[in-house]
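Residues: numbered from 1 along the sequence shown.
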Amino acid sequence: QAKGLEQDTVILVGFWSWLKKVRTDSEYSKLYILRQILIACTRAKQNLYFIENENHDIFHKHDFIQEAVQEELTDQENISPEQWEIAAEYYRSHKKIKEEKSAWEFAADSWSKINYHRNAAKCWLKVDEELKAAICYEEGGDLDDAVNIFEKLKRYDRIAPILVAKDGEAAFDLCVDLFGKPIAKNEDYYSRLAHALDSLEKFEDAAETWKSCNKLENAANSFMDAKMFEPALNLWLHTKDFKKAAHCQIHLGKHREAAELFEKAGKLDKAAKQYETANDYEAALNLWVKLEEHSQAAKCLEHLLKYEKAAEYWEKASEYESQAKALEHAGQDRSAAQVWYKIEEWEQALRLWIKVEEWLQAGHCFKKMNMHKDAAEMYLKGGDTEGAIAEYEKIDDYKSLHQIYADAGDNVSALDVLIKGGDLQGAGEFCMKTGMYIEAEGIWSKLKNNEMLVEVYLKSKNFVKAIQLLHNSGKTSE
């Protein structure tokens, strides 16, 4: 109930006896006891009296007060600004000046962190940090309080931007009139005023103000913010900032000029890109080659229709697909096919191998795609009979294998594949056609084809067997 009240004289009766009693009561925390002491002891403006029934060594035996403060301040990151203020009051009452100042500073920082700038300002004033207090007032929007302290400190450079912020339409010279005192228009003053104008997005006025204090780079930036690229360009050229001057030229649509400035600034990659935008691919190419940017160089060469040369740079860049395409554009189909094959683009390679009638290479592509019949046909077309046989064997194409062997005059192998393929009828007919009567006899016997057996015996002039077979078949008259 006494919190917030003050009297010239305060008498506390039995306070320390009560305090001694509650020290051991777990219901009361050290922080609670500390706050009771601070409230009690800070109510007196001039005189504070304690009336007790027994002696108490107040300032030595009650070391728990110090413990409570230390316990409260253990985890500084989680201490509230109010707790720092309580600690500061405690340190002040014990004339611990260093600790008190530190506590007020912590309190001020804590208030600032949660955007209670006015409270922070009051804490800074407790330790005579008037400039920091004024800045907090300014940040909290208490501009009149801020101006008053800045005026006291003669920090006119801080006052001018506040006046501009209070009246966004105030002109440059009006700041002096509003303040009503002579303000030294030094570099710092102009800089702060220019910053204020920038924050108000009065970029052209800010640029002129920056020029007044010879801050040409800042002036150029403000001109750029105002989309005034010509004056910005002139300032960047004056300060020899060729990179930013180049950016102005880009905004002005002058890409060749931008490229030249980037070259001066040593930004060759940016220069090359601007040359490309200006369609000067020769100039861009020279820079990309210098930078060993092979892909970019290849692109420039393609724009110049120099595809064969472009292919060389694509290869250097290990971009083989682009290399193959460039070779095609250059009419180098065989070379392009080789690259497609190298990167396992079988269909692309096949297309070109067929185009240039490289049948064996086309066969290899079909083989890679597991198209064995097509591969075999390409191998045959290219004269690789063994390659064709190997592919036909993979798919058990006995008919095609038979034709290959037959065309080659290898009747034994031709017969074998027919038998292997289960075509005994065809095998028998092939034997009859090629005069392989012994083999034919076995096949027709297996098929129990007496008619063909008779024909075999007749053609082999084995008339006895023919007559015997006809007799057994009941064809005596024949």
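The nearest pair of heavy atoms linking L287 to A272 is CD1-N, 3.7 Å. Minimum heavy-atom separation, K243 to F262: O-CE2, 3.8 Å. When all heavy atoms of I443 and C431 are compared, the closest pair comes out as CD1-SG, 3.9 Å. Of all heavy-atom pairs spanning N221 and K244, the tightest one is OD1-NZ, 4.1 Å. When all heavy atoms of A271 and E263 are compared, the pair lying nearest together is CB-CG, 3.6 Å. A258 and I250 get closest at one heavy-atom pair: CB-CG1, 3.7 Å.
For the atom pair L261 CG and K240 NZ, the distance stands at 11.5 Å (nearest 0.5 Å). Within the model, atoms OG of S112 and CD1 of I135 stand 10.5 Å from one another, a figure rounded to the nearest 0.5 Å. I395 contributes atom CD1, which lies 11.0 Å from atom CE of M371 (distance to the nearest 0.5 angstrom). With rounding to the nearest 0.5 angstrom, the NZ atom of K420 is 11.0 Å from the OG atom of S413. Here the straight-line distance linking atom CG of L327 with atom OG of S322 works out to 11.0 Å at 0.5 Å rounding. Here OG of S222 is found 12.0 Å from CD of E217. Values are rounded to the nearest 0.5 Å.
Between K381 and E377, the closest side-chain pair of non-hydrogen atoms is not below 4.5 Å. Two residues are said to be in side-chain contact when any heavy atoms from C-beta on lie closer than 4.5 Å; L401 and K399 fail this criterion. Taking the side chain as every heavy atom from C-beta outward, F223 and E208 approach each other to under 4.5 Å. Considering only heavy atoms from C-beta on, I404 comes within 4.5 Å of L380 through its side chain. Side chains of W210 and D198 form a contact here, defined as non-hydrogen atoms less than 4.5 Å apart. Residues E455 and L458 are not in side-chain contact: their nearest non-hydrogen atoms beyond the backbone lie 4.5 Å or more apart. A heavy-atom distance below 4.5 Å is found between the side chains of L350 and F366. Proximity of W111 to K113: side-chain heavy atoms (C-beta onward) are nowhere separated by under 4.5 Å.
In the model, W288 has a side-chain atom that pairs as donor or acceptor with a side-chain atom of E276 under 3.5 Å. Side chains of D407 and Q403: a donor-acceptor N/O pair is present below 3.5 angstrom, by distance only. The closest side-chain donor-acceptor pair between H255 and Y275, if any, does not fall under 3.5 angstrom. Judged purely by distance below 3.5 Å, without hydrogens or angles, the side chains of W314 and E302 pair a donor atom with an acceptor atom. With 3.5 Å as the limit, one finds a donor-acceptor pair spanning the side chains of E328 and W340. Side-chain polar atoms of Q323 and E319 form no donor-acceptor pair below 3.5 angstrom.
D142 contributes no side-chain N or O that, together with a main-chain N or O of D145, makes up a donor-acceptor pair within less than 3.5 Å. The main-chain N or O of K98 is never found under 3.5 Å from a side-chain atom of S102 such that the two would form a donor-acceptor pair. A donor-acceptor distance shorter than 3.5 angstrom exists from the side chain of D397 to the backbone of S400, with no hydrogens or angles considered. In this structure, the side chain of S460 engages the main chain of Y457 through a donor-acceptor pair within 3.5 Å. Under a 3.5 Å cut-off, the side chain of T239 and the backbone N or O of W236 do form a donor-acceptor pair.
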Intermediate values then yes/no, side chain to side chain contact (heavy atoms under 4.5 Å, CB included), Y398 and L418: CA-CA 6 Å; Y398 300 112; L418 286 175; 5.8 Å; no

Test log, rule salt bridge (charged side-chain N to carboxylate O under 4.0 Å, His left out), inputs E321 and K325: CA-CA 6 Å; E321 183 175 339; K325 290 178 180 178; 3.4 Å; yes

CA sep, side-chain torsions, deciding dist, call: E344, K368, salt bridge (charged side-chain N to carboxylate O under 4.0 Å, His left out): CA-CA 9 Å; E344 300 182 357; K368 291 290 186 179; over 6 Å; no

Decide yes or no on side chain to side chain contact (heavy atoms under 4.5 Å, CB included) for E130 and W124, but give the supporting numbers first. CA-CA 7 Å; E130 292 181 305; W124 285 123; over 6 Å; no

Chi angles and distances behind the side chain to side chain contact (heavy atoms under 4.5 Å, CB included) call for K267, D269: CA-CA 6 Å; K267 301 295 181 179; D269 56 336; 4.3 Å; yes

Evaluation steps, side chain to side chain contact (heavy atoms under 4.5 Å, CB included), between N411 and Y405: CA-CA 7 Å; N411 295 335; Y405 287 127; over 6 Å; no

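Between W346 and Y341, the ring-plane angle classifies as perpendicular under the 30° and 60° cut-offs. Between H294 and Y313, the ring planes are tilted. Angles from 30° to 60° get that label. Ring planes of F430 and H402: perpendicular class, angle over 60° (limits at 30 and 60°).
Crowding of K394 atom NZ: a count of heavy atoms from other residues, nucleotides or ligands under 6.0 Å exceeding 12. For F203, the CZ atom is densely surrounded, since the number of other residues' heavy atoms within 6.0 Å is greater than 12. Shown here is E204, whose CD atom has no more than 12 heavy atoms of other residues, nucleotides or ligands within 6.0 Å.
Contact check on E391 versus K373 returns no salt bridge, with no Lys/Arg side-chain nitrogen under 4.0 Å from an Asp/Glu carboxylate oxygen. E441 and K465 are joined by a salt bridge, as a carboxylate oxygen and a charged side-chain nitrogen come within less than 4.0 angstrom of each other. Under a 4.0 Å N-O distance rule, the pair E282/K306 qualifies as a salt bridge. The residues E347 and R351 are annotated as not salt-bridged, no charged nitrogen and carboxylate oxygen being separated by less than 4.0 angstrom.
Aromatic rings of F242 and H247 (six-membered ring for Trp) have centroids beyond the 6.0 Å cut-off, not under it.
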